[in-house]
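Before any comments, here is the structure.
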Amino acid sequence: MAYPDRQHDVPRPALAQDSLPAFSPDGRSVAFVREHKPLSESKGQKGSFWSLHVYNLESNTDHVIWTPPSGPGARFFAPEGSGLLWSDSAHILFPWEGSGWMRVCSVLASGAAAPACLTPDKAEVSSYRLSLDAKTLFYTSNVGNLDAWHAWRLALDGSSPQRLTQSEDMETELAVAGNRVGLLAANAVQTIHPVVVTPEGQGKPLVSPQHPAGTHFVTPKVVIFRSEDGEEVHGQLFVPDEASQTPRPALVFVHGGPHRQMLPAFNGMGYYSNAYAMNQTLAAQGYSVLAVNYRSGTGYGEAFRNASDIGRLGAREYRDVLAAARYLKARPDVDPARIGIWGGSWGGYLTALALARNSDIFAAGADFHGVHDMTEADKPGFSPEENRKAHELEWQSSPVADISRWHAPVLLVHGDDDYNVEFEQSTLLARLLSERGVPYEEHALPDERHAFLRMQDWLSAYTWMNTFFAHTLAAHKP
C-alpha cells in the first residue's frame with residue numbers, strides 16, 4: 001500500500017534537543033531553541049552549540065533566525081523559569097551570554113539583523129517578563145552590585161532602565177499580574193515573601209513573615225577575598241554579636257548546585273533558605289560562618305560559572321573553598337584549630353574533598369548527600385585513550401582519591417530514595433572511612449529524596465549537625 005508523502009506537512013525533527021517553545025502573539029509561529037550539547041565541558045571548543053528557530057504554522061516551514069558565534073554564549077544557558085518572549089509578532093526576546101554576562105536580548109523573527117541586548121552589561125539577569133501590552137520589560141538584576149538583586153523596568157522604546165522599587169530587599173523573581181508586578185523578596189531577617197508593585201511604583205508586601213519571640217538574626221557581611229590563583233571570590237560572613245576575647249570556632253558553608261549563588265539574605269529556594277536559617281542558628285551559638293560563592297556558581301558572569309577544570313575536570317573550585325578557610329584562619333576572632341565545613345549535594349562533595357585533602361585545616365565536617373567518587377562510564381565518541389585520561393582526572397578530582405589523608409571526623413546524612421545523588425555514594429564513603437578508622441556519624445533517612453520532602457527530616461538532620469559540631473568543634477580546646 002502506498003502512503004502519500006507528507007514531509008511538507010510536518011516539522012522536520014533534528015538530531016538535537018528542542019526547548020522553550022513560545023507562540024507568537026498572532027498564533028502563526030512558534031519560536032524555540034535547538035541545542036546540540038557538547039560531548040565535554042572543555043573551554044577550547046570552537047563551535048556553536050545552539051540556535052534560535054521560528055516554525056511557521058501556516059507554511060509548515062522551519063527557519064533558523066540566529067546562531068551565536070563561538071566563544072562566550074556559544075553554549076546555551078538560561079535563568080531558571082525563564083525562556084523566549086515575543087515583544088510583538090516580529091521580535092523575540094531571549095537570554096544570551098555573548099558579552100560574558102547573562103542578558104536579555106532582542107532579535108527579529110525574520111533573522112534579518114543581528115540581536116541587540118537590552119539589559120545592562122557586566123551584570124546578570126535572574127528573571128524577566130513582559131508587560132501585558134508587551135511594551136515594557138521587567139527583570140531582576142544584580143547591576144551595580146553583584147551580591148544584591150533588585151527589580152527593574154525597561155520601556156522597549158529605547159528609554160533607560162528604572163528601578164521598580166527602592167527597597168533594599170533582595171528581589172530575585174517576578175511575575176506580571178494585570179497592571180501590577182509581583183515580586184519575590186527577602187532580606188536578612190525575613191524569609192521569601194510576595195510583594196505587589198502598583199503602576200505608581202509602590203511596593204506592598206502581601207504577607208509579613210513573623211518570627212518566634214526572642215529570635216535574633218545577625219546581618220551577614222559581604223566579604224571578598226582572593227583564591228590561590230588570584231581569582232576574586234565573594235562570600236557572606238555571619239559573625240556572632242557577642243564580643244569575645246577568646247577566638248571562636250568557625251565554619252565554611254558550601255552551597256550545592258553548583259550553579260547557585262548565596263546572598264546576605266534568605267534564599268528564594270527552600271533548600272537554601274533552610275541553609276541560611278541554619279547558618280544564622282550557628283552564628284547565634286557562637287560560630288563565625290562564611291558562606292562562599294565558589295567558581296561554577298551563578299551571579300558573577302559566564303567565565304566564572306564555566307571556569308575551566310572544575311568538578312570532575314580537576315576540582316579547581318576547591319581552591320576557592322580553601323581560600324575561604326584561610327580567610328577565616330587569618331581573622332583574630334577565629335580559632336584556627338576549630339574550623340569546620342558543611343554543605344549538601346555539590347556542597348557535600350566539596351565538604352568531603354576538604355576533609356580528604358586538608359584535615360590539617362578542617363577539623364570536622366558535615367556532608368549531606370555528597371558525591372564521593374566522580375568517575376563516570378566511558379563516553380561515546382571518546383577514544384579509549386581519551387576515556388582513560390578522563391577517568392584518571394575524574395578519580396583525582398574525587399574525595400575517595402585522597403582517603404588516606406582523611407582523619408577529621410565527619411557527619412554523613414543521606415536519603416535512601418535520592419534521585420539526584422546515588423545513596424551508594426555515601427555508603428561507599430562510610431565503608432572506606434571504616435577501613436581506615438576515621439571517626440564518622442551516619443544517618444540514613446528512609447524513603448527520603450535529595451531535597452528532603454518532610455520538614456521533620458530537615459529539623460532532624462540539622463539537629464544532628466548541631467550536636468556533631470558541638471562535640472567536635474565547640475567543645476575542643478586548642
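For this chain, numbers begin at 1 and follow the sequence in order.
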Item to check | side-chain hydrogen bond (donor to acceptor under 3.5 Å, both in side chains) evaluation trace for Ser126 with Thr140 | outcome: CA-CA 6 Å; Ser126 66; Thr140 52; 2.6 Å; yes
Nearest heavy-atom neighbours spanning [X] and [Y]:
X      : Y      : value
His255 : Asn293 : CD2-OD1, 3.7 Å
Arg129 : Gly81  : NH2-O, 3.3 Å
Pro95  : Gly83  : CD-O, 4.0 Å
Leu353 : Ser398 : CD1-C, 3.9 Å
Ser345 : His369 : N-CD2, 3.2 Å
Ala315 : Arg357 : CB-NH2, 4.2 Å

Checklist entry - Under 30°, 30 to 60°, or over 60°: which ring-plane class applies to Phe423 and His414, parallel, tilted or perpendicular? => result perpendicular
Any donor-acceptor pair under 3.5 Å from [X] side chain to [Y] backbone:
X      : Y      : value
Asn142 : Ala148 : no
Glu317 : Ile310 : no
Glu232 : Ile224 : no
Ser359 : Leu355 : yes
Ser48  : Pro68  : yes
His259 : Ser296 : yes
Arg180 : Val196 : no
Ser29  : Ser24  : no
Glu448 : Leu453 : yes

[atom2] on [Y] to [atom1] on [X], rounded to 0.5 Å:
X      : Y      : atom1 : atom2 : answer
Arg312 : Ser397 : CZ    : OG    : 8.5 Å
Ile92  : His53  : CD1   : NE2   : 11.0 Å
Asp133 : Asp88  : CG    : CG    : 11.5 Å
Leu130 : Leu156 : CG    : CG    : 6.5 Å
Leu411 : Phe368 : CG    : CZ    : 5.5 Å
Asn279 : Leu251 : CG    : CG    : 8.0 Å

Item to check | Evaluation steps, side-chain hydrogen bond (donor to acceptor under 3.5 Å, both in side chains), between Tyr349 and Gln425 | outcome: CA-CA 10 Å; Tyr349 158 65; Gln425 287 284 338; over 6 Å; no
Item to check | Partner residues of Asn267 under the side chain to side chain donor-acceptor pair (under 3.5 Å) criterion, sequence neighbours left out | outcome: none
Checklist entry - Can a donor-acceptor pair be found between the side chains of Thr281 and Gln285 at a distance below 3.5 Å? => result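 There is no such pair (donor and acceptor under 3.5 Å, judged by atom type) between the side chains of Thr281 and Gln285.
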Next on the checklist: Within the 3.5 Å criterion, strictly below it, is a donor on Thr298 or Glu124 matched to an acceptor on the partner's side chain?
Outcome noted: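 No.
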Checklist entry - For Glu442, does the CD atom sit with more than 12 other heavy atoms under 6.0 Å from it, leaving out its own atoms? => result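 Atom CD in Glu442 is not crowded, with 12 or fewer foreign heavy atoms closer than 6.0 Å.
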Item to check | Arg454 CZ: over 12 foreign heavy atoms closer than 6.0 Å | outcome: yes
Next on the checklist: Check Asp333 with Arg248, please: is the shortest side-chain N to carboxylate O separation under 4.0 Å?
Outcome noted: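 Asp333 and Arg248: salt-bridged.
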Check: [X] ring centroid to [Y] ring centroid under 6.0 Å:
X      : Y      : value
Trp50  : Phe77  : no
Tyr440 : Phe468 : no
Phe469 : Trp342 : no
His193 : Phe266 : no

Checklist entry - What residue among Arg305, Glu231, Gln261, Arg295 forms side chain to side chain donor-acceptor pair (under 3.5 Å) with Tyr300? => result Gln261
Next on the checklist: Please identify which of these residues, Phe238, Tyr271, Tyr462, meets the ring-ring contact (aromatic ring centres under 6.0 Å, His included) condition with Tyr276.
Outcome noted: Phe238
Next on the checklist: Can you list everything that forms a ring pair (Phe, Tyr, Trp, His ring centres under 6.0 Å) with Phe23? Sequence neighbours excluded, please.
Outcome noted: none
